[in-house]
Structure formats: C-alpha cells, structure tokens
Protein chains: 2
Amino acid sequence: MSGAGGFARTPKPPYYAVIFTSHLSEADAGYAAMGETMFALALAQPCCLGAETARGDDRLGITVSYWADEASILAWKAEAQHVAAQKHGIARWYDHYELRVARVERAYSGPEGRDLG
Amino acid sequence: MSGAGGFARTPKPPYYAVIFTSHLSEADAGYAAMGETMFALALAQPCCLGAETARGDDRLGITVSYWADEASILAWKAEAQHVAAQKHGIARWYDHYELRVARVERAYSGPEGRDLG
C-alpha cells in the first residue's frame, strides 16, 4: 500500500525492492499516461507492498516498488513487459534506465526516530 | 562514481543500496545546500559506488546511494550524523523520511538491453 505523502507503508524487513532509475527522452509524448499505467500496475499486484516515485526537472526519475518476494517481482515483470509491448515498447520514452532488484534488510523512519529494522 | 546523466555506474552485483525517500517540510530554507553536502559526502566516501537522486514538485524526493559493503554504509552513517548534528539536525528539513538498506542482487540496463545481472 502507499501511505500518506507518497510513502510506501512497508512491513518489517526482509522484503524486496525494485529500484528503477530512468531518464526521459525528449520525445516523451504519452509518457505520463504510460508511467501512471505501470505504477498502477505494480500497486495492483497482490504482493506489491507499495511504491514511491520522484522525477525532477532534469528528467531523471527514480521509482522504487516494494515486494514480498522475488516470485511476485517476476510475475509483475511478465505483466509489465506485456503491457509495454502493447504500448509499442518503452525505448521511445527513455534515453536510458537502470533497474536493480534488491533485498531490503533494514529500515528506519524519521525524523521522529521510529525504527522498523 | 556517478556516470552520465545522473546515473550511478555500479559494478556487477552484489553490492548495497541505501534508499532514502523524504518529504521536504515547508520550512526547508537551507535544504538545497544541506542536500548537496550530504550527497557530496556520500560520493566522497572511498567505498561509495555512486548515487542517484530525484525530487519532484510535490517535495517528495528519492536518493539512492550504492556501496561496496555494509561496513562502508556504517562509516558513512556515522559521518553523516556528525555533519547533520553540526547543521542542527535534519528534522527541520523533513516532514518525514524512510531509509532502507538493501542488498542489490540483480541489475539491468536499457533500453538497449545490456544486462549486468
């Protein structure tokens, strides 16, 4: 689930994170709809724990989605690729992207000092 | 190292990621300088592999720094806390933040299809 203010309300670790860093191409017509589709697609998956996203004026964006396990990520990947193919691929939207799959081992909240680790 | 276009040039996994999601308070005077200081401080650490950052108009930002090992993260954490204390804490800049430490297990680049995993 996504909590207040754009933060994902994730459980106590361990869980998984997919870190997607991307730079939009100049020819990004239609990206907003595509981005929203992919973001909603992740959040609609049964095992998606939440997601957070930010993109600055320099067109560099970071979206992190959180998952209960790796099997859930693979299921989402297959569905996302299917949707992307229907939309004629994602190469037209991105100059470049990096996608990293990581296992979250510790987590902290602040500035009030709540510790989820 | 940070590569072209704001992307971190990370090695083949495994390595570690610190995912810092934050929402700026309204009273964020001085944040830009503080944020740059902390970002530069991470990149200056011997074992920092790079970092990526984005913040949108909604004041939600995500910064991900990459590290060779957990010991490097702890060393950086100690130094960052020291600097933050000198700057009178970080509570004045953030309404809320979430910090997650994760082990990157697979990585992919695109859209050209290069696979670092």
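Note that these values count all heavy atoms, side chains included, but never hydrogens, waters or copies made by symmetry. A, B, ... follow the sequence lines: proteins, then strands. Residue 1 opens every chain.
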With a 4.5 angstrom heavy-atom cut-off, which part of A:Ile19 approaches chain B: side chain, backbone, both or neither?
-> side chain
Supply the atom-to-atom distance [X] [atom1] to [Y] [atom2], rounded to the nearest 0.5 angstrom.
| X | Y | atom1 | atom2 | result |
| --- | --- | --- | --- | --- |
| A:Arg106 | B:Tyr16 | CZ | OH | 8.5 Å |
| B:Glu98 | A:Tyr66 | CD | OH | 8.0 Å |
| A:Leu60 | B:Thr53 | CG | OG1 | 8.5 Å |
| B:Asp95 | A:Phe7 | CG | CZ | 8.0 Å |
| B:Arg55 | A:Asp57 | CZ | CG | 12.5 Å |

Give the minimum heavy-atom separation between A:Gly56 and B:Ala54, together with the two atoms involved.
->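 It is N-CB, 4.3 Å.
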What heavy-atom pair brings B:Tyr94 and A:Pro111 nearest, and what distance separates the two atoms?
->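 Looking at all heavy atoms of both residues, the shortest contact is O-CG, 3.6 Å.
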Taking B:His96 for the side chain and A:Gly110 for the main chain, is one N or O donor matched with an acceptor at less than 3.5 Å?
->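 Checking the backbone N and O of A:Gly110 against the side chain of B:His96, a donor-acceptor pair under 3.5 Å is found.
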Option in A:Asp58, A:Val18, A:Val104 with maximal non-hydrogen atom pairs under 4.5 Å from chain B =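 Among A:Asp58, A:Val18, A:Val104, the one with the most close pairs to chain B is A:Val104.
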With the side chain counted from C-beta on, respond yes when B:Arg100 and A:Val64 share a heavy-atom pair under 4.5 Å apart, and no when they do not.
->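 A side-chain contact under 4.5 Å is absent here.
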